[in-house]
Every structure is written in structure tokens, then in C-alpha cells.
There are 2 protein chains.
Amino acid sequence: MIESPSAERRHPTILDVASHAGVSKSTVSNVVRGLPGVSESTRRRVRTAIDQLGYRPNVLARQLVQRRTSILGVVVGDLANPFFAEMAKSVERHAAARGYTAMFCNTEGESESELAGVETLLQHRVAGIVFLAFSGDARTKQAVLQHQVPVVFVSCGADWGDVVSVDDSRGGRLGTTHLVESGHRRVAYLSIPELEDQSDHARWEGCREALNDAGLGAPTHISWSPPAEYARVDGLDRPLLEVFTGPDRTTAVFASNDVAAIALQEFADRVGYRVPEDISIVGFDDVPMAGLARIGLTTLAQPRDELARLGIAGVADRIERKVKGPPRTTLVKVNLVTRRSTARLETDPS
Amino acid sequence: MIESPSAERRHPTILDVASHAGVSKSTVSNVVRGLPGVSESTRRRVRTAIDQLGYRPNVLARQLVQRRTSILGVVVGDLANPFFAEMAKSVERHAAARGYTAMFCNTEGESESELAGVETLLQHRVAGIVFLAFSGDARTKQAVLQHQVPVVFVSCGADWGDVVSVDDSRGGRLGTTHLVESGHRRVAYLSIPELEDQSDHARWEGCREALNDAGLGAPTHISWSPPAEYARVDGLDRPLLEVFTGPDRTTAVFASNDVAAIALQEFADRVGYRVPEDISIVGFDDVPMAGLARIGLTTLAQPRDELARLGIAGVADRIERKVKGPPRTTLVKVNLVTRRSTARLETDPS
DNA sequence: TCACAAGATTGGAACGTTACAGCTTTTGGC
DNA sequence: GCCAAAAGCTGTAACGTTCCAATCTTGTGA
């Protein structure tokens, strides 16, 4: 008998528990899962054995034989973006409340890593996928559809799965109308290329429509990648500088999300433009820091926790077959929160 | 033959691919894993079959037979806290780069959910666990040790696993010394109860020592739970108000982390105390928003990405048996970043 | 032409569970 | 006491892989 020197102690299995408690593995399994049909005395005996051995059921084996996992895949655009971070947290909590474990994958807005992430999720046989951002990539779509896994798009859009989101276009109108009513005639729309998706597009449309309804010209579209750290936002950004100095006299910017809005505000602060005196800024999301007295960002508040709750409920219902049929769309309210970053435009006495 | 009406189409298995390509499952397995010993022609044939069927290896089955997963558990204090969000993102990226998938669990600083989360991770047979926060709970420790899974504490502390962190005590001294050199004599130390851990304690100690070395009295310790949203920070908080008005004439606060520092700044803004004229504030972490011109928080910068990288490298090396032996501690540099929230104390002409 | 090595391919035994049918034992009504 | 029904318990066959020893092909040099 040669004993391996670094003998790896193995995790106790259901069989170890069974023999330790003097019952069959079936009985142990029933105890572990709290099924009826086990006498109180054996139940106790098994419980003791479990504690003594430190037995933990192997979820892998369980899921293999049941052919379904209790893992939810969550696709996030950027975990470090406060909006996603808040959503991720809510999603994780609601998932746990319904008995699911969340497995995140961060895409950085790149469809390559989105695809790779989704592929990993599928290989792990996730029970469902929650998209908190979706690039629109066709390969991702094909992979998910091929594997027939329930999908929900939360606060982002696609036409091949349930959608839970705010009415982005309405949000776009609300924010823009607020600007128009404050006397602004020329509005720019700012978005971050990495996060451009269907939601972003709907916001832009809403903005455009509102301007149009007011008989004003279409918004200028600006695409800007602020550096990952606000501290590195600098005054060298020509296209951005033109927003402030350009010939079209833009006096207000509607940013497609708060991170962009705050980065823009930072830019203004650095190059010496005043907000809101020189330029009004509206964001979207209402991330926690937008409410800081020093930031005071006017923005469209998304009910994050409700979005997360409805999203999880949606996939979970599909997974548990409580809901069948074609994709549904659920829209929740979006609210304008007025703060210091927007102000009535003082009209030139010209 | 009665065909179930809603016949669930099952995922193709390795056997389906095998018969489709006219080879044995072993060969398919070898192709999938890129092992040598398969002729180029069969390799191609198998590849085609895989594509046609949309076959994806079942990671569960693989991991069951290999008795090891490629999942890393990550325990996070609060995903919505920007410091953790940044760390989570880095950790996820470095894990993916080494071939691991991250599975997060959020503890909210409660040891109950920490325990539950770790229990879930262990049941999923994670290959290792990265703690980004640790409550110190003994049951968690016991569970992890019992299952003999490699563990690393990143930016938090414990004596039963590898540790990668900044020298918290040194950070505490650096920040405090900065205050002392600016003429402050009475310093308070502020921490958030949910995030109080070994790191927090070391920072406090560093603060205390620096004051002591300067011949000054010990810092007042304040424990404060700011509301989840900054927007709800209000002026009703008596204990906090006493920091500003109390008889001990506190002129500076060292917050154990940036979120607390920013919440305190917000509180000051709301009740009408000026930062830094009335009170200087130092934070810890250097979260992105600390660098905003409008926030300008003096703080101790943690090299987040390096922490994450070293942490992942640490667990991965343990998992892959490249490192054995007793726990190691790796300390990385912490840097004072001076911004607008601290200023030289104008001494009373009394 | 043959033996033999190297290369290519295969089948079966795990891995740790759950599901389910079947087997005991107990219970209770008459 | 007896019999049926209920309750308690067990054994076996999956689940979809990997691992490994065994077998089947080739190709090569003598």
C-alpha cells in the first residue's frame, strides 16, 4: 500500500454520509432536500452525520442529473459604471431571493467579449440570461437562441426576448422638453460609444422628436469616450470643445447616461465653462452621485430596483414555465429629477 | 408513440456529435480539448459536426469528472460601492485572463449573507475564493477551511489565507500626518459599521499612532451608516453634528473609505459647514469620483488593478499547485493624493 | 514479407447526484 | 389476529463528460 505523500483529502460525498449514518444514499438525498417520507429519528441521525463530516451537496452533480442549473447569467456593460453596479447589486439580491445564483460577465461594450462571456455562460448551462446591456451582435443572439435559454433585457433592448425597461424614448422627450421649456433652442445629444445600444437610440429619438415638436432643429450628435478615470478628463478634447464654442450655439446637452453627463460637467469645470450658466446638462439614470449637492445633476431617474425585480421575475417565470409564449415588454416609469445642472436660458438682449 | 406536445429539444451531447461525425465520443472529446493524436481529417469532420449541431461542451459534466471547477468565488462587501465595483471589474478581468470564471456574492457587510454566500460558493465547488471584504465571522472561516479551498484576501485581512493589500496602517499614518502637518490638533476617525473589518482597524491604528507620535490626543471614533443614496444624507444626524460643533474642536476627519468621506462632505455641504475651511476631510481608496473637480477629495490611493492582479495570481497559483505552504502576505504601495478637501488650519489668534 | 513502433481510435469505468419503482415494515380497522 | 394501506427505506439507472488501457491502423527498415 503506497500512500501518496500529498494525499488530497476529498470532499465527503452522499455515500460517506449514508454509510456513516447507516442508511442508503437515497435517504440522505431525501433528508438533504427536505423531502417527506423520512422518519424523524433517521432524519436526525443523517443530520448529525452531515455535520460531523462537513458534507456539502455537490451542486454540479445535482445539476447534471437534473439537467438544469440554478445559475442566472448576467451580462453587464461595465461593472464599474455606477448605474450597472447598482443594477448588478439589485439583480443579485432578487436572484438570490428566488433561489438563483448570479454569474456575471462584463463586456466593456465589446461584442467580442460579450460573445465570449455568453458562450461561457451557455457552457455552464445557466438557467437564464439577464442582459443589462446588449451590443446587438448577431452571433450572440444566434448562440442564445440556439440554446433556447430564457432571456430578459433589462434597461436595454432587443426583439428576441422579454424586455423590462423604462420608456427610453419618453425619457428622451421629457428631458428635452425640460430644456426647451427653459428656453434652450439648440441641444446636443451626447453618448458613449461603448454603451450605444437600442436604449441609447430610443433616447436619442425621443430627444429628436421633442425638438422637432417644438419646431426646433435636430440635436447635434456627439460620441465621446471619456477616460476611465474622471481625473483624466482634460481640456484637449477638440470635438467636445466645439460643443461649447461651435457656431451652432449649443446651450444644452442631453447625455445618454449620467456617467457621460458627469464627465461632461467635469470637462466644463476644467475648461472654465460654467454649468448651468454657460451650458445646461441633463443626464439619464439618476446614479447615486448625481444627487450630491456638489454635482446636482438634472437627470431621468430609472427605478433600478423595480427594473431588477421585474427582470428577475420575468426570467424566473420563464425558467419555471409559469409563463410561455412570445416575448413581452414591460415598461416602467421614468421620472425627471430637476437639479442644479439645468437652468433657464438668459436670452440675449439682441 | 405518443410525442409530448411541448417536446423539450435537448442540448446535443458529445455522443450526438460522435455519431454525426462517425467517430467515438473519445475522439470528439480530444478534438474539443485540442489534444494531439487526432488526424487532421477527422479533426475537421468533428469540427463540422460540432458547428452543425451547435454543440457546446457541458462544463458541469466535465467538472464533475475532473473534480475541479474553473470558477472563482468572489466575496464582495457592496457591489454598489464604487471601490468594490472597480475591484470587482478588475478581478473579473484578471480571472478571465487566467481562464477562470468569477462568481460574485454580495454580503452587504452582514455575516449571515456572507456565510450563506460562501456556502453557495462551496456547494458549487469553486476552485478558490477571493475575499474583497471579510467580516471576520468564525463560521465562514470554518466552512472554508473545512473544504480546503485556496483563499486570498484582497484589500482586507485575515490570518488564515494569503493576503494582498496595501499597508493600511501606513495609509492611516500618512493621511493623519498630512493633517497634523497642516496644523490640525484634533482629528476624528470615521468608519461605516457595515464595512468595519481588519483593514479598517489597521487604518484606525495608523491614525492613532500618528497622532500619538505627534504628541496629540487619540482620535475620536465615529461610526456612521450613511443612507444608501447620498441624496438622503440629512442634517438631522446628531452624533455627526457633534463632530462639527462638539467641545473637543475637531477640525479634521479621517474617513476609513471614500464613500464615507464623500457622504460626510455631503453632510457638511447640507448643514452649512465648509470643507476645508471649517473641516478637513481625508478619505481612503481614491475612487474615481474622488478626482472630480467638484469633489476634490484628499485620499489614499490604492492601486486597485495591481491588487486584483496579484490577488488572482495568488489564488490561481495555489489552485494550480505552483505555490504551497503557509499563507503569504503581499503589501503594495499606498499613496497620498492631496486635493481640495484638506487645508492648512488657520490658527486662532487667541 | 514480416515484425514492430508509432499513431489513431475506441470502449468502459468513473464522477456524485436525482428519480423512480419496488421492497419492507408499521399502522389501524374490524 | 388478519389484511390492506400507508410509511419508510433501498437499489439501480441515468446525467455528459474525462481518463486510460486496449485495440486497430499504418508505415518503415531489415
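So you know, we letter chains A, B, ... as the sequences are listed, proteins then strands, and number each from 1.
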Only one of D317(A), V323(A), V315(A) clears side chain to side chain contact (heavy atoms under 4.5 Å, CB included) with P150(A); which?
V315(A)

Given the options N81(B), L307(B), V76(B), L132(B) meets side chain to side chain contact (heavy atoms under 4.5 Å, CB included) only with V76(B)

Salt-bridge test for E320(B) and R68(B): reply yes if a basic N is under 4.0 Å from a carboxylate O, no otherwise.
no

Output yes when at least one side-chain N/O atom of T27(B) is less than 4.0 Å from OP1 or OP2 of dT9(C), else no.
no

Please determine if a side-chain N or O atom of T42(A) lies less than 4.0 Å away from the OP1 or OP2 oxygen of dG8(D).
no

Integer-rounded Å distance: [N] [atom2] and [X] [atom1]:
{"X": "I50(B)", "N": "dG16(D)", "atom1": "CD1", "atom2": "C1'", "answer": "14 Å"}
{"X": "R68(A)", "N": "dG16(D)", "atom1": "CZ", "atom2": "C1'", "answer": "18 Å"}
{"X": "Q63(A)", "N": "dT17(D)", "atom1": "CD", "atom2": "P", "answer": "15 Å"}

Donor-acceptor pair, side chain of [X] and main chain of [Y], under 3.5 angstrom:
{"X": "S155(A)", "Y": "S165(A)", "result": "no"}
{"X": "E92(A)", "Y": "A102(A)", "result": "no"}
{"X": "S90(B)", "Y": "M87(B)", "result": "no"}

Please write out the pairs of protein N or O atoms and N or O atoms of nucleotides 16-20 of chain C separated by less than 3.5 Å, giving the distance to one decimal.
| residue | atom | partner | partner atom | Å |
| --- | --- | --- | --- | --- |
| dG16(C) | OP1 | R67(B) | NH2 | 3.4 |
| dT17(C) | OP1 | Y55(A) | OH | 3.1 |
| dT17(C) | OP1 | N58(A) | N | 3.3 |
| dT17(C) | OP2 | I14(A) | N | 2.8 |
| dT17(C) | O5' | Y55(A) | OH | 3.4 |
| dT18(C) | OP1 | R62(A) | NH1 | 2.6 |
| dT18(C) | OP2 | S29(A) | OG | 2.5 |
| dT18(C) | O4 | K25(A) | NZ | 3.2 |
| dA19(C) | OP2 | R33(A) | NH1 | 2.4 |

